[in-house]
Amino acid sequence: MKSKLLVWGTGSYADRALKKELAPYLQDIIAFVDSNAKRRSLFYDKSIVSPTEALKLDYDLLIIASSYFPEIVKQAIDLGFEEKKIGFSTALKFLEYQEKLSQQTLQALLKVPFWYHTYEILPGVMTPGRCPYKPELIENSLVQDLSGLRALDIGAWDGPYTLEMTRRGAKVTALDIQPPTHSGFDTMRRLNDLDVNHFCDSVYDLSPDRHGSYDLVTFFGVYYHLKNPLAAFSAINRVLPKGGLMLVEGAILEGSNHIDPFWKDREKQLEQMKGLPVAAYVKENYQGIWSNWWVPTLSCLHHWIESSGFEILESHNNRVQTRAWCVARKVNDDLLEHPILSKAPL
């Protein structure tokens, strides 16, 4: 089904969107919308119109292609654009499923401004994220049947692992530093009618009193974004009983020459570090992402986990050794950094 699209945005964000998400729909765009339409008349060989001019056009969807999407949505609604006809460039992939989705469901999916994960949010419907769902992370036989168990999904983002663990019978709580309305999480939860809690909190602040206790914690794609990853493992230890499971996934140093400019010509040094419990602290960025901080070798990751009161049951890495994932069981409470912290006599 063809759609008549208005696209609000003519800047760098829109340019990127036109080269990616909007590329298959270029022929469906009837005009671009820009509050400063007078400064130029064309964008990608399509007319640029003002918001008031756009209101007079016959269109099916107004697509926001700007990093200022909250402000633009409010402006559009105030001007008289129908809220149900407003969507986001990152969600245009859902138009491929419009024949099998209700209009209400389609509009809910289109309203999410950014999808991080690519996963099956509804039967046969895939989200348009940048990070693929990784089924191998929860393949271990110990987590196939989660009936009656309590699970905590740290760094949930759009909630693919929250959804899967719920399908396996767990009572799941999600935790992320961003509100569930700022990702696809709330939409995923609503469309799948999930009874799951969400905490907008830091892993550092995990507390049994505030967040509860769990049988299983998933900790995927987070530790290398932290300046103090060991504090995070300590916090996870606090919300697990002895015998509780922690599933961890993240970046490791061994294959850095494949993905990071700094390590590109340092393969020899990386080879020498294999098997050593060392981590690289990246001051400016790792793999072009400023929030990547500590990147450990696989050995170092094992030491972090084991020194935080866990035993490793299973450990894997991908083919080029840029990512690793582990299954660990809590065997002890976390060790104190120094005896004086115990407040007991030395």
Side-chain angles (χ1 to χ4, degrees), residues 114 116-117 130-131 137 152-158 161 173-180 182-183 185 198-208 210-211 214 217-240 246-264 266 269-270 273 276-310 312 315 317 321-326 328 330 333-338 340-341:
F114 176 74
Y116 181 69
H117 288 102
R130 65 173 71 158
C131 178
L137 303 187
L152 177 64
D153 184 13
I154 299 174
W157 265 98
D158 304 316
Y161 301 98
T173 295
L175 184 141
D176 205 292
I177 58 173
Q178 62 182 339
H182 287 202
S183 66
F185 188 92
H198 187 289
F199 286 104
C200 183
D201 267 326
S202 166
V203 62
Y204 295 138
D205 298 324
L206 265 182
S207 161
R210 171 170 164 72
H211 302 99
Y214 300 92
V217 172
T218 54
F219 191 44
F220 300 150
V222 178
Y223 68 73
Y224 52 96
H225 289 301
L226 305 175
K227 285 188 174 181
N228 194 345
L230 280 165
F233 287 120
S234 295
I236 293 170
N237 182 295
R238 292 196 294 267
V239 298
L240 283 170
M246 176 178 68
L247 276 59
V248 179
E249 187 272 348
I252 56 173
L253 198 58
E254 278 84 345
S256 298
N257 56 301
H258 296 290
I259 58 173
D260 184 71
F262 177 84
W263 293 102
K264 182 179 179 181
R266 292 177 167 85
Q269 289 94 323
L270 288 171
M273 285 190 283
L276 296 177
V278 297
Y281 182 79
V282 187
K283 179 173 67 74
E284 294 176 346
N285 69 66
Y286 175 81
Q287 204 179 349
I289 301 172
W290 71 267
S291 65
N292 287 343
W293 300 99
W294 285 105
V295 183
T297 62
L298 182 59
S299 174
C300 183
L301 178 60
H302 288 177
H303 279 250
W304 282 352
I305 293 170
E306 290 167 342
S307 64
S308 300
F310 296 88
I312 295 172
S315 180
N317 54 262
Q321 300 185 76
T322 56
R323 311 284 295 192
W325 59 99
C326 305
K330 176 175 172 177
D333 291 333
D334 188 32
L335 296 174
L336 291 171
E337 287 181 316
H338 192 281
I340 200 170
L341 297 174

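The figures that follow rest on heavy atoms only: side chains count, while hydrogens, waters and symmetry mates do not. Numbers here are sequence positions counted from 1.
Of the inter-residue distances, the one linking D176 atom CG with W157 atom CH2 reads 7.0 Å to the nearest 0.5 angstrom. Here the NE2 atom belonging to H303 is positioned 9.5 Å from the CG atom belonging to L276, to the nearest 0.5 angstrom. For the atom pair CG of N237 and CG of L230, the computed distance is 12.0 Å after rounding to the nearest 0.5 Å. The OG atom of S308 sits 12.0 Å away from the CG atom of D333 when rounded to the nearest 0.5 Å. Separating the SG atom in C326 from the CZ atom in F310 is a distance of 11.5 Å, to the nearest 0.5 Å. Going from atom CZ of F114 over to atom CZ of R130 covers 3.5 Å, rounded to the nearest 0.5 Å.
Every residue two or more places apart in sequence or in another chain that forms a side chain to side chain donor-acceptor pair (under 3.5 Å) with S256 is listed here: Y286. Not a single ring pair (Phe, Tyr, Trp, His ring centres under 6.0 Å) links H225 to another residue, sequence neighbours left out. Every residue was checked against the side-chain contact (heavy atoms from CB on, under 4.5 Å) condition with K283, not counting sequence neighbours, and none meets it. Every residue meeting the side-chain contact (heavy atoms from CB on, under 4.5 Å) condition with D158, not counting sequence neighbours, appears here in chain and number order: W115, Y116, H117, Y119, P160, S183. In this view, A156 and D153, T162, A174, F185 satisfy the side-chain contact (heavy atoms from CB on, under 4.5 Å) rule, not counting sequence neighbours. For Y161, there are no side chain to side chain donor-acceptor pair (under 3.5 Å) partners two or more places apart in sequence or in a different chain. For Y223, there are no side chain to side chain donor-acceptor pair (under 3.5 Å) partners two or more places apart in sequence or in a different chain. Among residues two or more places apart in sequence or in another chain, the ring pair (Phe, Tyr, Trp, His ring centres under 6.0 Å) test is passed with Y214 by none. A search for side chain to side chain donor-acceptor pair (under 3.5 Å) contacts involving T322 returns N318, not counting sequence neighbours. Remark: D201 pairs with L175, F199, R210, H211 by the side-chain contact (heavy atoms from CB on, under 4.5 Å) rule, at least two apart or across chains.
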Without placing hydrogens or testing angles, list every side-chain donor-acceptor pair under 3.5 Å for residues 257-264, not counting sequence neighbours.
from, atom 1, to, atom 2, distance (Å)
D260, OD1, Q287, N, 2.6
D260, OD2, F262, N, 3.2

Test log, rule side-chain contact (heavy atoms from CB on, under 4.5 Å), inputs L152 and L206: CA-CA 11 Å; L152 177 64; L206 265 182; 3.9 Å; yes
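Considering only heavy atoms from C-beta on, E249 comes within 4.5 Å of R323 through its side chain. Looking at heavy atoms from C-beta onward, W293 lies in side-chain contact with Y281 at the 4.5 angstrom threshold. Using a 4.5 Å heavy-atom threshold, the side chains of I305 and F233 count as touching.
Closest approach of P179 and H198 over heavy atoms only: C-CE1, 4.4 Å. Nearest approach of R238 to P208, heavy atoms of both residues: O-CG, 3.2 Å. Scanning both residues, I252 and Q321, for their nearest heavy atoms gives CG1-O, 3.4 Å. The two residues L253 and L270 come nearest to each other via the heavy atoms O-CD2, 3.5 Å. The nearest pair of heavy atoms linking V239 to S207 is CG1-C, 4.1 Å. Closest heavy-atom contact between D334 and S307: OD1-O, 3.4 Å.
Without hydrogens or angle criteria, W294 side chain to K227 main chain gives a donor-acceptor distance under 3.5 Å.
Crowding of I177 atom CD1: a count of heavy atoms from other residues, nucleotides or ligands under 6.0 Å not exceeding 12.
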